[in-house]
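Keep in mind that what you see is a predicted model, and the values were worked out from it rather than measured. Order of listing sets the numbers, starting from 1, for every ligand and every atom in it. Count residues from 1 along the sequence.
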Amino acid sequence: MKKKYIIAIDGPVGSGKSTIARMVAKRLNYIYVDTGAMYRALTLKALQTKTSMDDPQKLVELAQTADIKFKSENNILKVLLDSNDVTTQIRDPHVTRNVVHVANIPELRGIMVERQRTLGKKGGVVVEGRDIATVVFPKAQRKFFLDASFEERLERRYKELISEGKNISKEDLAEDIKIRDISDKQRKVGALKQAKDAIYLDTTGLNIDEVIEKVLSYV
Ligand code: DC
């Protein structure tokens, strides 16, 4: 029987990691864990409960009690927050803009990291995020750092949002991505960086199938 690896995939916004992680998990019959969705779900809960984004202690309390679960339906990952399906809501631009406040709190990240470890500890998982290979699973059997040029990342995100019916200008999106890149890289705990032993894949100019084949060739 095939060994059940932990496959860690990190990368910036628009590097293709969510699509690649989901498809690689499908090909290997592994579980896909989208850690960004966990920070997003928590942000949504903070907004719904009108918890101040300037009150780290309250946000930590929220993280302690929030019930965040994943459910796979026809290869679509559903995100459940306190038993409610929030898969679409957590992609709302308002959530995206506020997630930085939640993701920057070290104590809150500690709670999320523990949950992510619980989800992945048995192996047979593809876990995707910013700090997976460096913090969550530093001993993962396979580690990838996906990247692409800024222009291509912008173009991918733009197409994705337009196809979801979101109304956003490319200029505003470019600003949003720049801000998220800076906050991802400068976060005091769990910052986005390539693990020393991670395989760097520049996906600029590659299509999804080409990247999947590259990742699988290392697995
Ligand atoms: O991958 P994403 O865009 O859905 O992630 C949403 C936010 O969560 C992103 O702004 C960075 C943050 N995040 C994080 O801090 N650590 C992770 N492991 C995953 C995401």
- Have a look at Glu210 and tell me which of Asn207, Ile212, Ile208 forms a side-chain contact (heavy atoms from CB on, under 4.5 Å) with it. Asn207
- Item | Non-hydrogen side-chain atoms of Arg27 and Glu213 separated by less than 4.5 Å | yes
- Do any heavy atoms of Val13 fall under 4.0 Å from ligand 1? no
- Note on the structure: Taking only non-hydrogen atoms of Lys17 and a 4.0 Å limit, the atoms of ligand 1 in range are 1 (O)
- Message: Tell me whether Arg109 reaches ligand 1 (any heavy atom closer than 4.0 angstrom to a ligand atom).
- Response: yes
- Message: Taking a cutoff of less than 4.0 Å between a non-hydrogen atom of the residue and any ligand atom, is Val100 in contact with ligand 1?
- Response: no
- Looking at atom 7 (C) of ligand 1, what's its closest protein heavy atom, distance included? Val99 CG1, 3.7 Å
- Indicate yes or no: at least one non-hydrogen side-chain atom of Val127 is less than 4.5 angstrom from one of Thr35. yes
- Whether Arg91 lies under 4.0 Å from ligand 1, heavy atom: yes
- the protein heavy atom lying closest to atom 5 (O) of ligand 1 turns out to be Gly36 CA, 3.5 Å
- Query: Taking side chain as C-beta onward, heavy atoms only, is Arg153 less than 4.5 Å from Asp181?
  - Reply: yes
- Note on the structure: heavy-atom search around atom 11 (C) of ligand 1 in the protein gives Asp184 OD1, 3.4 Å
- If we only count heavy atoms from C-beta on, is the Lys143 to Phe137 side-chain gap below 4.5 Å? no
- Query: When Ile, Leu, Val, Met, Phe, Trp and Tyr are grouped by side-chain heavy atoms lying under 4.5 Å apart, directly or through other members, which residues fall in the same group as Phe145?
  - Reply: Leu192, Tyr200
- Message: Using side-chain heavy atoms (C-beta onward) and a distance below 4.5 Å, is Thr51 in contact with Glu61?
- Response: no
- Query: What protein heavy atom sits nearest atom 12 (C) of ligand 1, and how far away is it?
  - Reply: Ala103 CB, 4.1 Å
- Message: Could you check whether any side-chain N or O of Thr204 sits under 3.5 Å from a backbone N or O of Ser149, counting only pairs where one atom can act as donor and the other as acceptor?
- Response: yes
- Item | Other cluster members, Ile162 - Ile/Leu/Val/Met/Phe/Trp/Tyr, side-chain contacts below 4.5 Å | Val13, Phe150, Leu154, Tyr158, Leu161, Ile168, Leu173, Ile177
- Query: Does ligand 1 have an atom under 4.0 Å from some heavy atom of Met38?
  - Reply: no
- Task: Tell me, please: is Gln116 in heavy-atom contact with ligand 1, that is, under 4.0 Å?
- Result: no
- Query: Do we see a donor-acceptor contact under 3.5 Å between the side chains of Thr96 and Arg40?
  - Reply: yes
- Closest non-hydrogen protein atom to atom 6 (C) of ligand 1, residue and atom name please, with distance? Arg40 NE, 3.6 Å
- Item | Nitrogen or oxygen atoms of Tyr39 and ligand 1 under 3.5 Å apart | no
- Task: Report yes if some N/O of Arg180 lies less than 3.5 Å from some N/O of ligand 1; otherwise report no.
- Result: yes
- Query: Would you say the side-chain atoms of Asp147 pair up with the backbone N or O of Asp202, donor to acceptor, closer than 3.5 Å?
  - Reply: no
- Message: I need the nearest protein heavy-atom contact for atom 18 (N) of ligand 1: residue, atom name and distance, please.
- Response: Asp131 OD1, 2.8 Å
- Which residue and non-hydrogen atom of the protein lie closest to atom 19 (C) of ligand 1, and at what distance in Å? Thr35 OG1, 3.4 Å
- Nearest protein heavy atom with distance in Å, relative to atom 1 (O) of ligand 1: Arg130 NH1, 2.9 Å
